[in-house]
Each structure stands twice: as structure tokens, then as C-alpha cells.
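Read through the structure below, which is laid out as C-alpha cells, and then see the notes.
For the numbers below, each heavy atom of this structure counts, side chains included, while hydrogens, waters and symmetry mates do not. For ligands, and for the atoms within them, numbers begin at 1 and follow the listed sequence. It should be emphasised that the depicted structure is a prediction, and the values quoted were computed from it without experimental measurement.
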Amino acid sequence: MGWTVRVCSSVEDMRVAVSPIWHYFGRSAPSEDQLESLARVLPAERVHAAWDGDRVIGGAGAFPFELSVPGGRIRAAGVTVVGVLPSHRRRGVLRAMMRAQLDACREQGESVAYLWASEDTIYARFGYGMASLVAEIDLARERSAYHAPAEPLGQARLVPLTAAEPLVAAVWERVAAVTPGMFARTSAWWQARSLADPAWRRRGAGELQCAVLEVHGHSTAYALYRLNPAYDRGVATGTLDVVEAMGDSPESTRAIWRFLLDVDWVARVRAGILPIDHPLVLLMAEPRRLRLSMRDGLWVRLVDVGAALAARSYSTADSVVIEVADEFCPWNQGRWCVKAGAVERTNAPADLSGDVTALGSVYLGGFTWAQLARALRVTELRPGAVARADALFRPDIGPWCPEIF
Ligand SMILES: CC(C)(COP(=O)(O)OP(=O)(O)OC[C@H]1O[C@@H](n2cnc3c(N)ncnc32)[C@H](O)[C@@H]1OP(=O)(O)O)[C@@H](O)C(=O)NCCC(=O)NCCS
């Protein structure tokens, strides 16, 4: 093998540990600014690196997150900056880093790991299941009328990024607390990432703008966006790219989107990471004009099946017994009886069986047991078990993570 995996012990270590993924970003290593920004939210000891002598050939990090799950919040690993140099690919480096990372999560009591995958073929072999879909829209602004006129609500104002945190963080927190898939953003996260606007983040687009909707003196919605002005023979052809937008009520969500859809000199409004059941679909007079497309969103791995299942809420007083197969984390294998307030191993006959990836898919509520059964991803061993499991696992709201971390 010739190489070993170990965690970083300093920011300097981290600089080299993330260099494999930076290679794919088109650079040899992060700039000082990029490294400093990363180090503010990613502790060095949460970054694994594969060393070949004194050279790093692969790296993988895990943000220490508080993740919202149906009915609560849990500590979870937000897997990030995973990369292996092209000179060392397909030799098992990623596999070794995934092994070390999941073992570390387990030791630290993080019962779930989750991520955005650069390619959908990579992570299922390590037990990650596709856990949500995300929607992208590309809407001609002139076709953006709502199906019914809305009473104006509150006052939208543009806020300098330096003054935005208290206004936007309060809204994020209210939405995150009830939306599976969102994580609690720390002040460091807001400052180093969400509200930071260095040139390297712009990728040719305009500056990061922040609009806040205030109702009776309180922020209830916000939007972060960039303008990309362009003209063709004097006609505006530019775009408004929504970075993130949310409101803490249906009315404030409708109002902040109206604000975005009404910005002048914009031909198209684009947004890339919306929940697939975003209210816009039903708000629009011409939903087809959203040109909505979908792709895989979050991937979830139950690191400790018992603890992860016990940490979320359930919608009925029923119980189901699930036989879980888990080759990569064999401590999860076996039969689990799942019911509200008690998830435990059992010898009782199983109602359903499936791979641990299936649990990842249903965990946040992004997919149902019925969908998995129709795709032959789980087996119903007792008639009616799929319907019972779906009633039990049904969340109030589907998963959404507004940010690719
Ligand atoms: C994806 C990447 C990390 C894989 O690293 P690697 O060290 O080559 O992976 P491994 O050798 O450990 O492969 C483990 C298994 O995954 C498979 N695999 C790895 N990457 C794959 C890919 N992109 N597509 C399909 N299968 C893949 C391997 O074939 C191997 O399969 P096996 O266990 O059946 O033999 C690496 O190619 C890379 O850095 N790619 C560019 C950056 C990237 O996509 N990072 C992920 C960000 S989310």
C-alpha cells in the first residue's frame, strides 16, 4: 500500500490535506484566504489525509454539524473536501479515508454522516443513501406572475453584508429548526462562508447582495443573490442568481420571492438548490415556466443505526422491525425494532429488510418506504409493512439543505 491515513494536527497540515480536492478546482492548493476561511469552520482534527511519505495524496473532512432531523436535532458529520490525486486514484485511498472517517464519527458519537456528492456513483458503497432531491429553476422574469395578487407585506431593504448576520441568522434558525437536512449555522459559519464575498467565490458574477424583509420591525425573510447584467441590442438578457432565499412563514416566503422576481434589468431568475416541493411551484400562475429540473441532493449515512433512529420522531404509535444489511459498518447489521421513544435490537421476525442505504434514504423524509419497495431497494416481508413504516416515518416537512457544503 505504501501510504497511511491519519488526521491533521494543524492548519498547515490541513493546507496540504485539502490540496487533492483543490487540484480538481484547478489550483494546487488553497489560497491563504481560502484556507483561513475553511479553518474557521473545519477543525484540523476533523480532516483525514492519506500520506505517501511526506506527500499528501488524498484528503477528506467532516464539519461538526448540528443537523435537523424530523422532530429534533443531532450531532452529525458534514462530509466535505474529499479528493484523491489523479495520480493515485482507484487504489483504495478513498475507501481507506471513508473507513477512518466513519470510525471517527462513531467514536465521537456522531450517529449520522451526510454530504453532497460530486458524482452519484461514489458513496453508496460506503453506506450513503440518496436522501433528498433538489430542484433548479430558470424562470423568465416576464412570466413570473403569481396565480393570485398578494397583499404587500412588510418592507424589504438591502443590508450591507457586514450588518446582515443578526437579521438573517434569526430567520435561518427558525427555518432550520423545523427543516430536516438544515444545520445550525454558527457565527463563524456566517462570517467565513455565507456572508463572505471574496472575489474567488463570485466566479464572474456580481457582488453578493442581501435583501431582508422586515415585518413590524422584525426580519422574517431574506435573500442572498448576485446580479449578472447583460444586454443584447439594448435589451436586458442578464440573470439574477439566487444564492439562498427563505422566509419563516408562507407569507414572508412569498414576499421575498416577489422581491427577487421584480428586480429590474433581469431577464431570468435562476436558483439551484430548492426543495422539490418549494411553494413557488404552487404560487406561480405558470409553474411550467419555472423550467424546474431535479437531481440528487443530500446523501445520508446512518453511522450508528440505533442512535440515529432513536433521535428522530415518529408519526404513529406503531412499530416496525427492520432487518438491516451493512457491509461497511457491520456493527449496524441485524434486526431493529423501531418505534417512538424506543429503538432497539430484536430477535422478532422482520417486517422489512434492506441495505443501510435505504435507511439513509428514508431518514430525513426525502423518500418513502413505498418508493424504495417499488425500486426493489427494500423487501416487504409482512404484508402491509411498507404502508405501516411509511405512516411511522412520515415527516411534517421534506428535507432541504439550502447550501452545498
Ligand atoms: C472520487 C475519488 C475521491 C475516488 O477516490 P479513489 O481513491 O480513486 O477511490 P477508491 O480507489 O478508494 O475507490 C473505492 C471504490 O469506489 C469506486 N469509485 C471511486 N470513485 C468512483 C467514481 N467517481 N465513479 C464510480 N466509482 C468510483 C472504485 O471503483 C472503487 O470500487 P470498488 O470498491 O468496487 O473497487 C477521486 O476519484 C477524486 O478525487 N475525484 C475527484 C474529486 C471528487 O469527485 N471528490 C468527491 C467530492 S464529493
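Separation of atoms CZ (F405) and CG (L115) is listed at 6.5 Å; rounding is to 0.5 Å.
Residue contacts with ligand 1: R95 is placed with a nitrogen or oxygen under 3.5 Å of a nitrogen or oxygen of the ligand (distance criterion only). For ligand 1, the polar-atom distance check against Y123 finds no nitrogen or oxygen pair separated by under 3.5 Å. In terms of polar-atom proximity, defined here as any N/O pair under 3.5 Å, T121 does make such a contact with ligand 1. Close N/O approach between G83 and ligand 1 is not found [any backbone or side-chain N/O within under 3.5 Å]. Backbone and side-chain nitrogen or oxygen atoms of V82 are examined, and one is located within less than 3.5 angstrom of a nitrogen or oxygen of ligand 1. The shortest N or O to N or O distance between V84 and ligand 1 is under 3.5 Å.
Atom CZ of R27 has 12 or fewer neighbouring heavy atoms from other residues, nucleotides or ligands inside a 6.0 Å radius. Sparse packing is recorded around CD of E327, with 12 or fewer heavy atoms of other residues, nucleotides or ligands lying under 6.0 Å away.
What sits closest to atom 16 (O) of ligand 1 on the protein, heavy atoms only, is R125 NE, 3.0 Å. Protein heavy atom at the shortest distance from atom 7 (O) of ligand 1 is L94 N, 3.0 Å. The shortest contact between atom 1 (C) of ligand 1 and any protein heavy atom is with I122 CD1, 3.6 Å. Counting only heavy atoms of the protein, atom 28 (C) of ligand 1 lies nearest to R90 CD, 3.9 Å.
Using a 4.0 Å cut-off between charged nitrogen and carboxylate oxygen, D390 and R394 do not count as a salt-bridge pair. Ionic pairing of D197 and R202 is present here: one or more N-O contacts between side-chain nitrogen and carboxylate oxygen are shorter than 4.0 angstrom. A salt bridge is defined here as a Lys NZ or Arg NE, NH1 or NH2 lying under 4.0 Å from an Asp or Glu carboxylate O, and E32 with R15 meets this definition.
Contacts between I21 and ligand 1, counted as non-hydrogen atom pairs separated by less than 4.0 Å, involve the side chain only.
Residue contact check: S118 has heavy atoms under 4.0 Å from atoms 43 (C), 44 (O), 45 (N), 46 (C), 47 (C), 48 (S) of ligand 1. The R91 neighbourhood of ligand 1 comprises atoms 11 (O), with distances under 4.0 Å to a heavy atom of that residue. Listed by number with element, the atoms of ligand 1 under 4.0 Å from a non-hydrogen atom of W116 are 48 (S). Close approach to R89 involves these atoms of ligand 1, each under 4.0 Å from a residue heavy atom: 8 (O). Of all atoms in ligand 1, listed by their number and element, those nearer than 4.0 Å to a heavy atom of E119 are 23 (N).
R268 pairs with exactly one of D138, T239, T237 by the side chain to side chain donor-acceptor pair (under 3.5 Å) rule, that one being D138. Just one of Y114, Y128, F328, W299 meets the ring pair (Phe, Tyr, Trp, His ring centres under 6.0 Å) condition when paired with Y123; it is Y128.
With no hydrogens or angles considered, no side-chain donor-acceptor pair links R75 and S111 at under 3.5 Å. If you check the side chains of R46 and Q108, you find a donor sitting under 3.5 Å from an acceptor.
Within the 4.0 Å cut-off (strictly below), a protein heavy atom is located near atom 37 (O) of ligand 1. For atom 48 (S) of ligand 1, the protein comes within 4.0 Å by at least one heavy atom.
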- Item | Test log, rule salt bridge (Lys or Arg N to Asp or Glu O under 4.0 Å), inputs R73 and E173 | CA-CA 12 Å; R73 265 185 168 155; E173 179 49 32; 2.9 Å; yes
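Proximity annotation for atom 10 (P) of ligand 1: of G59, A50, G92, G92 comes nearest, heavy atoms only.
The six-membered or imidazole ring of F63 lies away from that of F183, with a centre-to-centre distance of 6.0 Å or more.
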